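Given the structure is predicted, the values throughout are model-derived calculations rather than measurements. Each chain gets a letter, A, B and so on, in the order the sequences are listed, and its residues count up from 1.
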Amino acid sequence: MNDDEIKDQIEPGVADESATEVEVEWVDFDSSDDDQPEGLSAEEEEELASDPEIVVTATRAELQPVIEALLFVAEEPLPFKQICKVLGDVPEDDVRAAMDELVAGYEERESGLEIREIAGGWRISTRPQHHEFIRKYLKSRPSARLSLPALETLAVIAYKQPITVPEILEIRGVTSSSAIKTLLEKRLIVTRGRKETVGRPMMYGTSKEFLIQFGLKDLSELPSIEDFEDLAQ
Amino acid sequence: MNDDEIKDQIEPGVADESATEVEVEWVDFDSSDDDQPEGLSAEEEEELASDPEIVVTATRAELQPVIEALLFVAEEPLPFKQICKVLGDVPEDDVRAAMDELVAGYEERESGLEIREIAGGWRISTRPQHHEFIRKYLKSRPSARLSLPALETLAVIAYKQPITVPEILEIRGVTSSSAIKTLLEKRLIVTRGRKETVGRPMMYGTSKEFLIQFGLKDLSELPSIEDFEDLAQ
Amino acid sequence: MTENRTTAVDELPEREDEAKRDNYRVKLEVFEGPLDLLLFLIKKDEIDIYDIPIAHITEQYLEYLNLMEQLDISVAGDFLVMAATLIYIKSKMLLPPEPKLEGEEDLNEDPRAELVERLLEYQKFKAAASMFYSRAEIEAATYTRGAIETDTSNPEVSATVFDLLRVFREILKRAESAVEMEIHRDEITMAEKLAQINQMLSERFEINVRELFELAHSKRELILTFLAFLELVKETKITLVQRELFGEIYARRRQESIVQPVVDETENDQVTNDE
């Protein structure tokens, strides 16, 4: 299916990108201001609160794929009742049948995923027998993936290098030891000798790997606060 | 979700800086050594370098289900090369074939999900035609659209990258700072080093997130800018 | 939309009608910049973009700026720059062409050429923007999976250089507000003071005792600091070192002891009572 076809399914007619369409589409924009808020206005928010539920009912053919899509986006096991509610005015027996077929389908084709009833709801998850590959994948992710504490610590080191642990503590206000360990493991930072002060603490700076991961030729390419001051207007 | 909430999810308690929290963190320290933790010893470094990757190789029968499971787990489009790496010592052609079959299988059984190549990788997502049900379940509105100035600025950056702020002004005829700020915040563009010219201004380019949000495999999939000449008339 | 724009420019408000004014205001602000406005004026009068009647367009353009001013809409600098450009081109077109010398290239390039080029170029990106709009609409209708266990056990996000800067700015801001909070903070307890010293000792080999006293914000805290030191010395968790007579006193963590910051509630109460 190409984009236009998809689009026709979503909003018939919008797919055409000719100039006249452009004009029509502009009506949707509230482009009065360069920095207008992208979100909802107070008015719209209110409207949303009283927004009647989207009234849609799934056709019989849609039942299986829609259930599948719902299980996929749900963050928690999805209770059967809730699935029924989303599907609209469909007999529960039909939903149950579609559900059973869906689950059986996953079993039959020996999918890497499975649908199971757990904690009072239905959930898609990977099958346990593939866990080794999944662990291997999680370990192989690029090093520029960081937890928030690690990202914060890296930011301080990047902009204040060379810097010692107590100095990082001073700036961040929280202890950063485990973050520093993580960053060292990911080779994003390196030691930079000792500071000639009481206790001669280690100093840290960013590594070559850091430059590679963040796509920088050298440290002078790091954006400075001044670079963004004009943008902040 | 604000940062603190995120933080709480990541490392419960670390956001809070009260004395009792300090005590909790204390436990993490390996303080048997007089020197503060300052990175890894040479030994540890070595160990890290030779850290044995999990050695597993998928059997032929496992290829499809494992790929499926990996796509499910991945938070970002998964590059083909990375899939191969995780699968172990398997010929690329076999992986490619399994991949193709998997994608075709999703199409054939008219799944509610689809596997597509996007932003240089493979991704599972729901099919667009079910979006109403998903929105109903998630109680979400269609996400906020980009303003026209932001879209125009993005178009200029996409086709002229890497490009500086003054160059964007030249093309659009209007200052684009707040549009650029919006695009940076939405992670649609990234800095691309500095231009070696007076003032060494930052250059900008589109990000992976841009490819994802606009459904592109890579930049070459963009229609040529000259194609818009006719439309513009 | 074209209709609306035409109305906005053609029907200049004759009277000071507030409601009507607001109405115009909305419609007027549609233009993104001077090039956008020029393109609109060209399309409106079905002008050949390669042969722009510059005097006519300049007049319309200035009229529009005038209208903006009348309606108290601040005219952005970019619009004024274009106005100056238009007037310049207009004046150049009034000058007689320089005589062409034998064998030389014709130096009399059309003064409009550069502007036309810019308009054509801009137009393409304007059209491209609508393509991006459509693409984003389609993609917004697809959803990726909800959070799963591995997300929470490996809570990592991929970061860009901009994230580094953003995070760094946030930290600086947080540090600023933390200083303000300090003033209103409730009095520190013995447990907190012990924890504070322990933490500092965990990060540094030794601490200057004076430095710690300087951290105290009140007399009470000074006393607590002193008591905390006594406590730690008594429990042989630290040693106090003075390198020279009347020199600075340093507190050092004892090698073998892993300092336990835990102070139970009863002890804490006692200290408070002692005061």
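Residue A:Glu170 places its CD atom among 12 or fewer non-hydrogen atoms of other residues, nucleotides or ligands, all under 6.0 Å distant.
Proximity to chain C (any heavy atom under 4.5 Å) is restricted, for A:Leu169, to the side chain, taken from C-beta onward. Using a 4.5 Å cut-off between heavy atoms, A:Leu154 contacts chain C through both its backbone and its side chain. Neither the backbone nor the side chain of A:Tyr137 comes within less than 4.5 Å of any heavy atom in chain C. Interface residue A:Leu216: only side-chain heavy atoms are found under 4.5 Å from chain C. In this structure, chain A has no heavy atom under 4.5 Å from any part of C:Ile148. Only the backbone of A:Ser224 has a heavy atom closer than 4.5 Å to any heavy atom of chain C.
Using a 3.5 Å distance cut-off with no hydrogens or angles, the side chains of A:Ser125 and A:Arg116 do not pair a donor with an acceptor.
Between C:Lys126 and C:Glu32 no salt bridge is recorded (no basic side-chain N to carboxylate O distance below 4.0 Å).
Chosen from A:Glu221, A:Arg145, A:Glu75, the residue pairing most often with chain C at heavy-atom distances under 4.5 Å is A:Arg145.
Two residues are said to be in side-chain contact when any heavy atoms from C-beta on lie closer than 4.5 Å; C:Val161 and A:Pro223 meet this criterion. At least one side-chain heavy atom of A:Trp122 sits under 4.5 Å from a side-chain heavy atom of A:Val103.
No donor-acceptor pair closer than 3.5 Å links the side chain of C:Asp36 to the backbone N or O of C:Gly33.
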